[in-house]
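Let me begin by presenting the structure, written as structure tokens, before commenting on it.
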Amino acid sequence: KLKEASLFFSSAQKMYLLASDKARNAIHIIDILIADGQKANAIIACKALLIEIKGTPEEKTVKTMLNILSPPPPPPAQPNKKIPTKEIPAKK
């Protein structure tokens, strides 16, 4: 069923005229790739789609999908930065 759906959405992609419709359809194709276990292809599709839809409302959705599929690395550690601590007064 996933291959049939993928073929349907791939064919439909050529029929849409509005960029928002094409982006929505591409998101469906990415969902199918994820459901089919093709994580690497889904990541590639997300990155390619981000280039096409830069500055559109759909960009946030695709960025979120990409972050779930391939989380960004954590920020670098800052070992020289001291963490402020409260001093506990000594008991008398």
Side-chain angles (χ1 to χ4, degrees):
K1 294 282 181 189
L2 288 175
K3 290 188 181 194
E4 290 175 27
S6 179
L7 182 61
F8 172 79
F9 282 111
S10 295
S11 299
Q13 185 75 7
K14 299 170 189 162
M15 305 300 281
Y16 289 116
L17 299 176
L18 296 175
S20 60
D21 290 336
K22 289 182 180 185
R24 188 178 69 249
N25 190 65
I27 291 169
H28 286 301
I29 292 171
I30 292 167
D31 279 336
I32 291 169
L33 291 172
I34 294 167
D36 197 28
Q38 298 182 41
K39 182 179 175 182
N41 288 338
I43 291 170
I44 292 168
C46 280
K47 289 179 179 180
L49 184 57
L50 278 175
I51 294 169
E52 294 176 27
I53 62 170
K54 189 169 180 91
T56 65
E58 294 85 2
E59 180 182 23
K60 187 173 182 181
T61 301
V62 177
K63 279 185 179 179
T64 302
M65 292 173 80
L66 184 58
N67 285 339
I68 291 169
L69 291 168
S70 177
Q78 297 177 343
N80 295 335
K81 189 174 182 180
K82 288 190 174 187
I83 299 173
T85 58
K86 275 188 173 180
E87 287 189 32
I88 300 173
K91 290 186 178 181
K92 293 183 182 181

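Because the structure is predicted, anything quoted here is derived from the model rather than measured.
Nearest heavy-atom pair, L33 versus A45, reported as atom, atom and distance to 0.1 Å: CD1-CB, 4.2 Å. Of all heavy-atom pairs spanning L69 and K39, the tightest one is O-CE, 2.8 Å. Of all non-hydrogen atoms in C46 and V62, the two that sit nearest each other are O-CG1, 3.6 Å.
Atoms CD1 and CD1, on I68 and I34 in that order, are 8.0 Å from each other to the nearest 0.5 Å. Rounded to the nearest 0.5 angstrom, K54 NZ and K63 NZ are separated by 6.5 Å. Rounding to the nearest 0.5 Å places OG1 of T61 at 10.0 Å from CG of L49. Note that CG of N25 and CD1 of I30 are 10.0 Å apart. Values are rounded to the nearest 0.5 Å. To the nearest 0.5 Å, atoms CD (E59) and OG1 (T64) are separated by 10.0 Å.
I27 is not connected to I32 by any chain of hydrophobic side-chain contacts under 4.5 Å among Ile, Leu, Val, Met, Phe, Trp and Tyr, and they are in different clusters.
A donor-acceptor pair is defined here as one N or O able to donate and one able to accept, closer than 3.5 Å; no such pair exists between the side chain of S70 and the backbone of L66.
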